[in-house]
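Comments concern the structure below.
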Amino acid sequence: MKFKDRESLYRHLYRTMKTIRYFELGIDQQYKLNIVRGAAHLCLGEEAIAAGVCAVLEKEDYIMTTHRGHGHLLAKGSDPRFMMAELLGRETGYCKGKGGSMHISDYSVGVLAANGIVGGGIPIATGAGLAVKMKGLPNIVTCFFGDGAVCQGNFHEAMNMAAAWKLPVLFVCENNQFAISTRTSKVLAPEKISDLAAAYGMESIQIDGNDVMQVYETAERFKKGILAGEGPKFIEAFTFRLAGHYIGDDENYRDKGDTKKQWSNEPIVRFEKWLEANCPALLPELQAIDAEESEAMQAAIAEAVAAPEPSVDIIYDDLFTHSAAWERRNVNEKDYNQAGN
Amino acid sequence: MRKITTRQAINETLSYQMEKDDNVFMMGEDIAFYGGSLKVTAGMFDRFGGERVRDTPLSESAIIGAGVGAAMMGMRPVVELTYIDFSFVSMDQILNQAAKWQYMTAGNIKIPLVIRTQGGGYRGNGSQHSQSLEAFFTHIPGLVVCMPSTPFDFAGLLNSAVEDDNPVMFIEHKLLYNVRGAFPDKGEQVRIPFGCADIKRAGSDITIVAYSYMVHKTLAAARLLEEQGISAEVIDPRTLNPLDYDTIMQSVEKTGRAMVVAEAHENGSFAKQIAHRISEEHFGRLKAPVKCVGALNVPIPYAKSLEDHMLPDEGNIVACAKEIMAYGQAAG
């Protein structure tokens, strides 16, 4: 994304984080009213990673994300109204209600998909990177995933392949320290997740994922390097999952007092402090941005709640695309010589 | 017309598709300089180079996953799983990724991916290199499953698979690579649609549905049955999903008797799916129960005596047909 000056960048980052925050809080509210079904996985506390990385990307810099992907989708430019509708299972949603929270795709802003299988998107991102390289496009592919995913076989296969083939992929690991109830530090062999990437021979760094400016600057530097042909790169963005794994998680595996303390380190509060020190001129605008995003989200919720569920008539739609290979005609070697066979 | 092997048919068809469309490329283990473990892609590396005929690391899940990702970006990958027995290393990418994205996103995403693989026994390769696993893939909505039996059918379905925008599981058979069959002259291309069965042998007494290598064993069995006065109609579905039930049902209307032959283990075999559909739709008109021929439910052993015993052969097919023909003739 291009910004005409630093202040525009800061405004964008702040607004993006607020959009994500209000979206997630809105989902939480709708879930507790039983309007959102199944499971929803909130990224409260991780907004800076989505905002900071996606601000560096152009539309054709595609991203892959995860079950905890609402933030990445919004930061990339997806419309919260259609995302809200999708989570509410309405026909006006991005996937006409067929995908739900974990399976949203939006090519129009450069999102390949969110993925419900932990680590499932990493090889896919590697393949997208392969396509970018084969087509000679001036783009990168960004793959978001969590600390849980780095223990998956898919992670290792895909990282190795991307590094061996020098593919233009930016791997971003949101280490929010928990894989559902398991503290990652207890089940991970290396000290730092970024050490794993270094083992595959790619440039790798661990940063403070709650510092949106550090996220932005690191992503910008890495993107430049990838486009210059340096091969894939890896950012471990260290953060903390403020919400439970899913809405309704009683979080009995961690101390509620500790979690409460972590709120004082959350990215929006951190950025406000940073702006106070580095760009105080912007401070008066922040309240207005906050109010606008809050209102916009309420409107999106109202619109989604009012929309209809998809009709059962669409149940078989898009199971297959019906091209010439689906037009019934008998073809046998005996009568081969007819034209058109 | 000329006669070529299945191996040549696949090689010619892949080469034609690679020539025609720059978006088509191939990935797999040992497919480049080595020409493939079963030499199916021989010569293609020389012709198209290592970018488009690409050797991969030994990473089945990343191979299929990278195929999914490249397909999402508009390429038309043809990826290879050296043995279908290894497909489960990458099963998530096939089941939960390739097959589902188009539906889950209401058509926003397309996955024009072809996964070529091969299975089958009879060669002493042991239980982890000899399996027939098509049942697992037919159970996945959203995945086209092709399992042709002759060079002509291989070429026709492979052309359709590469040109089609849906994910296709293209299951070859190691014993079919050397089988020869009638084939158009060089430069002429065949296209066979999905869901289009082929009557490999016309008959009037009993309908035998068979696919892949079993088509050849069934045709041999049909010749033996003919000598015993039984006229078998052999139907090769060619694609298992979508499956051409119409052609099968028309045949059963005519014969009133049916059986299904598959190389796979009998328990949970896809043959049972076909057999049950026939029973469901023709119950009142059938002259006998619909039966299946399949492998015994043991992992495929290495010793020839054991492997030959547990995999289907012409004798099993003939015996099953005769049981069906004899049904209702009072015993004693």
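Letters A, B, ... are given to chains in the order of the sequence lines, protein chains preceding strands, and every chain is numbered from 1. Given the structure is predicted, the values throughout are model-derived calculations rather than measurements.
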- Measure distances from Gln102(B) to the heavy atoms of chain A and classify the residue's part below 4.5 Å as side chain, backbone, both or neither. both
- Item | Contact residues of residues 16-33 of chain B (partner chain A; heavy-atom separation under 4.5 angstrom) | Asn23(B), Phe25(B), Met27(B)
- Evaluate whether atom CZ of Arg47(B) has more than 12 neighbouring non-hydrogen atoms of other residues, nucleotides or ligands under 6.0 angstrom away. yes
- Query: Using non-hydrogen atoms and a limit below 4.5 Å, what part of residues 141-150 of chain B faces chain A?
  - Reply: Pro141(B), Gly142(B), Leu143(B), Val144(B), Thr150(B)
- Sort Gln93(B) into side chain, backbone, both or neither according to what part of it lies under 4.5 angstrom from a heavy atom of chain A. side chain
- d(Asn160(A) CG, Leu58(B) CG) to nearest 0.5 Å is 10.5 Å
- Nearest-0.5 Å distance that lies between atom NE2 in His322(A) and atom CG in Asp165(B): 12.0 Å
- Query: What do you reckon, is NZ of Lys200(B) surrounded by more than 12 foreign heavy atoms closer than 6.0 Å?
  - Reply: yes
- Message: Using side-chain heavy atoms (C-beta onward) and a distance below 4.5 Å, is Phe152(B) in contact with Val331(A)?
- Response: yes
- Tightest non-hydrogen contact, residues Asn166(B) and Leu319(A), listed as OD1-O, 4.5 Å
- Note on the structure: In terms of heavy-atom pairs under 4.5 Å with chain B, the winner among Glu327(A), Met134(A), His156(A) is Met134(A)
- Message: Counting neighbours of CZ on Phe136(B) that are heavy atoms of other residues, nucleotides or ligands and sit closer than 6.0 Å, is the number greater than 12?
- Response: no
- Task: Could you check Tyr107(A) against Ile109(B) for side-chain contact (heavy atoms from CB on, under 4.5 Å), going step by step and ending with a plain yes or no?
- Result: CA-CA 8 Å; Tyr107(A) 273 119; Ile109(B) 289 184; 3.8 Å; yes
- Query: What are the two closest heavy atoms between Ala106(B) and Cys95(A), and how far apart are they?
  - Reply: CB-O, 3.5 Å
- Query: What part of Asp164(B) is in contact with chain A, defined as an atom under 4.5 angstrom from a non-hydrogen atom: side chain, backbone, both or neither?
  - Reply: both
- Item | Contact class of Thr247(B) relative to chain A, heavy atoms under 4.5 angstrom | side chain
- Item | Leading residue by heavy atom contact count with chain B [cutoff under 4.5 Å; candidates Lys135(A), Glu86(A), Met64(A)] | Lys135(A)
- Task: List the atom of Ile199(B), the atom of Asn332(A), and the distance in Å for their closest heavy-atom pair.
- Result: O-ND2, 4.5 Å
- Query: Checking Asn108(B) against chain A: side chain, backbone, both or neither under 4.5 Å from a heavy atom?
  - Reply: both
- Any idea which of Ile104(A), Thr126(A), Leu112(A) has the most non-hydrogen atom pairs under 4.5 angstrom with chain B? Leu112(A)
- Item | Between OH on residue Tyr103(B) and CG on residue Asp318(A), distance to nearest 0.5 Å | 8.5 Å
- Query: Who wins among Pro112(B), Gly69(B), Ala99(B), Ala71(B) for the most heavy-atom pairs under 4.5 Å with chain A?
  - Reply: Gly69(B)
- Measuring from Asn96(B):CG to His103(A):NE2, what's the distance to the nearest 0.5 Å? 8.0 Å
- To the nearest 0.5 Å, atom OG1 of Thr239(B) lies from atom CH2 of Trp326(A) at 8.0 Å
- Hey, could you give me the CG/CG distance between Asp244(B) and Asn330(A), rounded to the nearest 0.5 Å? 7.5 Å
- Tell me, for Lys133(A) versus chain B, whether the close heavy atoms (under 4.5 Å) come from the side chain, the backbone, both or neither. neither
- Task: Taking all non-hydrogen atoms of both residues into account, name the closest pair between Ser61(B) and Glu157(A) and its distance.
- Result: N-OE1, 3.1 Å
- Task: Sort out for me which of Ala325(A), Ala131(A), Gly99(A) touches chain B most, counting heavy-atom pairs under 4.5 Å.
- Result: Ala325(A)
- Message: I need the single residue from Met75(B), Met73(B), Arg54(B) that forms a side-chain contact (heavy atoms from CB on, under 4.5 Å) with Leu130(A). Which is it?
- Response: Arg54(B)
- Item | Glu333(A) side chain reached by Asp198(B) side chain, heavy atoms, under 4.5 Å | no
- At their closest point, which heavy atom of Arg329(A) faces which heavy atom of Cys196(B), and how far apart are they? O-SG, 3.0 Å
- Which heavy atom in Pro123(A) sits nearest to a heavy atom in Ala62(B), and how many Å separate them? CB-CA, 3.8 Å
- Note on the structure: Scored by heavy-atom pairs under 4.5 Å with chain A, the best of Asp153(B), Val89(B), Asp92(B), Ile63(B) is Asp92(B)
- Query: With side chains defined as the heavy atoms from C-beta onward, is the minimum distance between Met161(A) and Pro57(B) less than 4.5 Å?
  - Reply: yes
- Query: Non-hydrogen atoms of chain A under 4.5 Å away: do they reach the side chain of Asp236(B), the backbone, both or neither?
  - Reply: neither
